[in-house]
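Every heavy atom of this structure was used, including side-chain atoms; hydrogens, water molecules and symmetry mates were not. Starting from 1, each residue takes its place in the sequence as its number. One-based numbering, in listed order, for ligands and for the atoms of each.
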Amino acid sequence: MWKAVVTAAVAFVLLFCRSSTLDNGLARTPPMGWLAWERFRCNVDCVDDPYNCISEELFMQMADRLAEDGWKELGYNYLNIDDCWMSMDRDEQGNLYANKTRFPNGIKKLADYVHSKGLKLGIYLDFGTHTCGGYPGSIKYLQKDAETIAGWGIDMLKMDGCYANVSDMSWGYPDMEMYMNKTGRPILFSCSWPAYAGGIKVDYSVLAKHCNAWRNYDDIQDSWDSVTHIIDWFGDNQDVLAPVAGPGHWNDPDMLIVGDYSLSYEESKAQMAMWAILAAPLFMSNDLRSISPEARSILMNKEVIRISQDSLGMQGRRVIKGEDKIEVWTRELDVTFLPSYGIAFLNRRADGEPYNYTLTLGDLKFQYMMGYAVEDVFTGHQYGHYDLYRELTVSIDPNGVVLLYAYPSK
Ligand code: GLA
């Protein structure tokens with residue numbers, strides 16, 4: 001019992017001693033919403049493909065879906081424009097403006113529309129000379145661009161890092177944060193800096209001072225390989241990454257691709273569960289106008305979202321990586337009395353049948369001697385009460401996940 005008390009005391013101290021950083025009060029839990037890039041890319045062909053091209057129409061339609069189909073109420077409230085929204089040139093005063101054919105009413109009008117739906121609007125800039133898609137970059141215009149987007153009523157900025165020297169990022173991203181602060185408008189700042197600086201070769205304590213979230217690693221693509229590649233990287237580098245995540249500043253493994261073309265139902269559940277365990281931003285990149293009921297139910301699962309949005313803000317860790325290709329990840333959750341946990345059993349096997357996996361909570365270094373009540377987050381199944389020695393067996397589908405919630409009981 002004394003061990004449990006010590007654990008609770010240590011967790012309490014950690015909670016309140018973790019440095020408070022970027023002072024815009026945003027992203028106290030991992031931000032949620034929708035982001036255009038993975039699904040809609042740089043499709044600028046509004047002549048032949050008007051329904052899918054990057055245009056104000058697309059964003060208004062997604063805003064309608066977020067607002068009317070129940071997403072907003074669950075926390076998915078940021079609607080984010082990515083690359084390819086701009087005109088190819090700045091205007092005569094050096095100001096950015098949107099492509100006039102695809103955004104005939106301009107970004108301010110779009111922001112007004114999005115706000116009228118109770119949502120927030122995010123936009124994309126690039127720190128370098130050009131965006132990754134070849135549109136104007138911000139390196140010589142940081143202050144001007146900060147003022148422009150604030151004037152439009154933008155609520156989030158993803159600042160990419162194509163066509164820039166990594167060495168310039170250590171002044172560039174902090175400068176952009178300063179200029180945005182000066183506008184007086186709170187703008188959630190997502191920085192792509194570490195993704196360009198080799199992932200772990202950055203000083204994350206500096207990043208946490210200036211950014212609300214940061215893309216650490218490779219772009220996600222529409223494949224299970226891509227999802228697992230990113231999960232592996234986060235597991236392999238967790239000793240660097242996990243300690244720097246917390247309220248106001250998050251590692252970002254990139255968008256949720258649930259609802260797109262490639263992931264199976266099990267793989268979709270696995271991505272959602274893992275992003276929740278990783279305390280990752282939940283930005284869906286999918287077509288909300290035609291999303292399947294299965295994908296919707298995964299993305300809207302309130303219990304998974306509750307784990308994602310846990311107020312303690314601890315990023316989960318891979319605690320077991322077995323030769324049997326089963327991984328166990330745990331995330332410590334709310335610490336009002338004693339920690340409870342999210343536990344993800346991730347099956348990396350593709351051999352065709354569900355895999356039975358057995359462990360004890362003691363194997364996971366849980367400490368409350370009286371034990372935990374254990375339930376399945378996706379099915380609601382109550383496993384019952386487990387002290388630290390009782391064997392717990394889960395059946396995990398190929399390329400799938402079992403996500404459990406365990407809380408101290410008795
Ligand atoms: C980079 C980013 C992506 C996306 C594209 C846009 O690759 O990592 O998320 O923003 O640029 O061109």
Ring center gap for Phe366 and Tyr341 short of 6.0 angstrom: yes

Protein residue, atom and distance nearest to atom 1 (C) of ligand 1, heavy-atom basis: Asp160 OD2, 3.1 Å

Atom indices of ligand 1 within 4.0 angstrom of Tyr124 heavy atoms, with elements: 6 (C), 10 (O), 11 (O), 12 (O)

Quiz item: cation-pi between Lys100 and Tyr97, 6.0 Å / 45°: yes

Check: Tyr265 main-chain N/O paired with Glu294 side-chain donor or acceptor under 3.5 Å: no

Selected option - heavy-atom contact closest to atom 3 (C) of ligand 1, from Asp219, Asp252, Thr131: Asp219

Side-chain H-bond candidate by donor/acceptor type, Asn80 with Trp37, under 3.5 Å: no

Identity and distance of the protein heavy atom lying nearest atom 12 (O) of ligand 1: Asp83 OD2, 2.7 Å

Sub-4.0 Å atoms of ligand 1 with respect to non-hydrogen atoms of Lys158: 3 (C), 4 (C), 9 (O), 10 (O)

Per-atom contacts of ligand 1 with Arg215, taking only distances under 4.0 Å to non-hydrogen atoms: 8 (O), 9 (O)

Stepwise salt bridge (charged side-chain N to carboxylate O under 4.0 Å, His left out) test for Arg348 and Asp232: CA-CA 11 Å; Arg348 305 289 297 273; Asp232 285 341; 2.7 Å; yes

Atoms in ligand 1 flagged as close to Cys132, the criterion being non-hydrogen separation under 4.0 Å: 1 (C), 11 (O), 12 (O)

Over 12 non-hydrogen atoms of neighbours within 6.0 angstrom of OH in Tyr163: no

Carboxylate-amine/guanidinium proximity below 4.0 Å for Arg317 and Asp239: yes

Nearest-neighbour protein heavy atom for atom 5 (C) of ligand 1, which is reported as residue plus atom name and distance: Trp37 CE2, 3.6 Å

Heavy atom of the protein closest to atom 10 (O) of ligand 1 (residue, atom name, distance): Asp82 OD1, 2.6 Å

